[in-house]
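See structure below.
Heavy atoms only: backbone and side chains are in, while hydrogens, waters and symmetry mates are out.
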Amino acid sequence: MTFENLTVLWWMAAIPPLALVAMLIAWRRDRRLGKRYGEERLYAPFSEVMSTGRFIAKAVCFTAGAALLVVALGRPVVKHGWTEFPHGKVDVITLVDVSRSMAVPDYKDKLAETDYPEGRRLDMARHLILTDIVPSLNYNRLGVVTYSGTAMPLAFLTDDMLAMNWMLRRAVTMGSVPGEGSEMDKAFELALMLFDLDSSPDHRKVIVLFSDGGNDADPLVMHQIVNELQERNIELVVVGLGKPIPSPIPIALLSEADRARYHGQEFYEHEGQVVTSRLEANSLLLLRNMTGGRYVQVTDPSDFSIGRLISSVEVTYKQGKEELFPYALMGGFVFLFLTLLIPRTSRRLVRER
């Protein structure tokens with residue numbers, strides 16, 4: 001047995017002298033009160049005078065109770081040599097573009113029988129995260145950053161995949177990030193901040209970018225980000241979404257605010273011209289080449305598999321342990337309760353009187 005808070009056990013040294021002093025004070029007080037009534041041999045047959053043995057019993061119970069409470073504060077644990085729990089060492093952050101171009105329904109036929117029958121590029125990104133990345137990262141951690149004109153952290157690094165599942169289905173939506181365009185550099189900068197905040201130095205770090213290639217970031221800033229990714233040994237997986245054929249952006253598939261703003265229009269327009277969008281594969285391939293990462297162009301959900309892209313996922317194993325402080329806490333309260341229950345005199349003596 002070991003203790004998680006070993007320094008607390010030093011308090012044990014103070015318990016016996018304190019209990020002894022308390023017992024002596026109570027014993028002397030009881031005797032002093034008795035003498036006020038007269039001689040003990042005269043009033044003892046008609047009074048419930050506590051014996052020295054009962055004082056000692058109360059002191060022992062009080063000492064044992066206090067000692068067990070201190071033991072509980074020390075958090076005793078028993079380690080199980082054959083009980084192991086997997087503990088992941090891979091931290092993944094997904095960057096998801098939620099700009100208007102991600103509303104193009106390039107995957108309507110591929111996602112018709114899924115939870116996202118509208119088949120937008122953003123729908124494919126959510127589908128891949130929910131059905132491939134989340135199930136593949138058991139015991140590891142996942143974070144999510146969405147971006148458009150700026151970037152927002154939707155989820156810090158966590159291994160709570162149930163909460164992640166709930167968040168991905170409800171918060172990764174069109175227009176969930178303010179601003180115009182696709183500022184990819186801000187998403188990368190935020191991802192690096194999340195790694196600095198929550199990721200251990202010995203953890204493997206991976207960024208998975210879901211984008212159709214649109215990028216309004218300053219090339220100089222992107223070059224600095226690429227250098228930082230290389231210096232920090234952060235792996236990059238680039239997922240290209242969409243078709244290389246230009247397609248208009250349906251107003252009906254944009255955010256609620258955009259639908260109200262452009263009510264009556266079928267497609268998104270800028271300065272009277274219908275805006276079209278296609279997969280800008282060259283910009284994504286350039287990013288892949290600069291970072292030495294991987295690139296996947298998704299035409300079907302089966303094209304993407306995090307297990308293939310992140311090879312040899314490391315998993316360590318921790319020795320299991322059982323917390324014993326509840327038993328010590330319960331024992332402490334039992335002894336303290338016994339201290340109160342010990343009577344002043346025996347029942348036999350009371351019956352004789």
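Side-chain contact check for Q265 versus E269: some heavy-atom pair is nearer than 4.5 Å. When side chains are defined from C-beta on, L192 counts as touching E228, because their heavy atoms get closer than 4.5 Å. With contacts defined as side-chain heavy-atom distances shorter than 4.5 Å, the pair M102/S99 qualifies. In this structure, the side chains of Y147 and V98 stay at 4.5 Å or more apart for every pair of heavy atoms. Side chains of I306 and V208 form a contact here, defined as non-hydrogen atoms less than 4.5 Å apart. Within the 4.5 Å cutoff, the side chain of N5 has no heavy atoms near those of the L73 side chain. Side-chain contact check for I93 versus L157: some heavy-atom pair is nearer than 4.5 Å. Side-chain atoms of S211 and L284, non-hydrogen and from C-beta on, do get closer than 4.5 Å to each other.
Separation of atoms CZ (F195) and CZ (R232) is listed at 8.0 Å; rounding is to 0.5 Å. Taken from CD1 in I129 to CG in L137, the straight-line distance is 11.0 Å, to the nearest 0.5 Å. Taking CG of N227 as the start and CE of M222 as the end, the distance is 11.0 Å to the nearest 0.5 Å. To the nearest 0.5 Å, atoms OH (Y262) and CZ (R100) are separated by 4.5 Å. Residue D115 holds its CG atom at 8.5 Å from NE2 of H127, rounded to the nearest 0.5 Å. Distance CG/L209 to OH/Y295: 10.0 Å, rounded to 0.5 Å.
Listed by first then second residue, pairs satisfying salt bridge (Lys or Arg N to Asp or Glu O under 4.0 Å) with a partner in residues 119-129 read D106-R121, E118-R120, R120-D123, R121-D212, D123-R126, not counting sequence neighbours.
Here the side chain of Q297 pairs no donor or acceptor atom with the backbone of L279 at under 3.5 angstrom. When atom types are taken as modelled, the side chain of Y268 and the backbone of P248 share no donor-acceptor pair closer than 3.5 angstrom. Under a 3.5 Å cut-off, the side chain of K58 and the backbone N or O of T339 do form a donor-acceptor pair. With S255 contributing its side chain and D258 its backbone, the two residues share a donor-acceptor pair below 3.5 Å.
Hydrophobic clustering, with ILVMFWY side chains joined whenever heavy atoms are under 4.5 angstrom apart, groups F188 together with V226. The hydrophobic clustering, which links ILVMFWY residues whose side-chain heavy atoms are closer than 4.5 Å, places V334 and F325 apart. Under the 4.5 Å side-chain heavy-atom criterion for Ile, Leu, Val, Met, Phe, Trp and Tyr, V275 and L122 are members of the same hydrophobic cluster. With hydrophobic clusters built from ILVMFWY side chains whose heavy atoms lie under 4.5 angstrom apart, M330 does not share a cluster with V71. A continuous path of ILVMFWY side-chain contacts below 4.5 Å connects W11 to L6, so both sit in one hydrophobic cluster.
For the residue pair A252 and R259, the shortest heavy atom distance occurs at O-CD, 3.5 Å. E189 and I225 make their closest contact through CG-CD1, 4.1 Å (heavy atoms, listed as atom of the first residue, atom of the second, distance). In terms of heavy atoms, L128 sits closest to P301 at CD2-O, 3.7 Å. Residues A125 and V96 approach most closely at CB-CG1, 4.2 Å, considering heavy atoms. Between S277 and S101, the shortest heavy-atom distance links the atoms OG-CB, 3.3 Å.
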Any chance you could lay out the side chain to side chain contact (heavy atoms under 4.5 Å, CB included) test for K205 and N233, step after step, and finish with the verdict?
CA-CA 8 Å; K205 300 172 180 59; N233 197 28; over 6 Å; no
Residues T94, L142; criterion side chain to side chain contact (heavy atoms under 4.5 Å, CB included); working and verdict
CA-CA 8 Å; T94 59; L142 176 65; 3.8 Å; yes
Mind running side chain to side chain contact (heavy atoms under 4.5 Å, CB included) on F267 and I249 for me, showing each step along the way?
CA-CA 5 Å; F267 299 109; I249 303 173; 6.0 Å; no
Does D303 form a side chain to side chain donor-acceptor pair (under 3.5 Å) with T299? I'd like the steps, not just the answer.
CA-CA 7 Å; D303 293 334; T299 57; 2.8 Å; yes
Side chain to side chain contact (heavy atoms under 4.5 Å, CB included) assessment of V90 paired with R204
CA-CA 5 Å; V90 178; R204 186 178 178 187; 4.2 Å; yes
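For the residue pair D216 / S182, no side-chain donor-acceptor distance below 3.5 Å is found, with atom types taken as modelled.
For the pairing with R141, the side-chain hydrogen bond (donor to acceptor under 3.5 Å, both in side chains) check across T158, D159, D91 returns one residue only, D91.
Under a 4.5 Å side-chain heavy-atom criterion applied to ILVMFWY residues, the cluster that includes L69 comprises F62, L329, F333, L336 as well.
The 12-atom threshold is exceeded at CG of L341, counting heavy atoms of other residues, nucleotides or ligands nearer than 6.0 Å.
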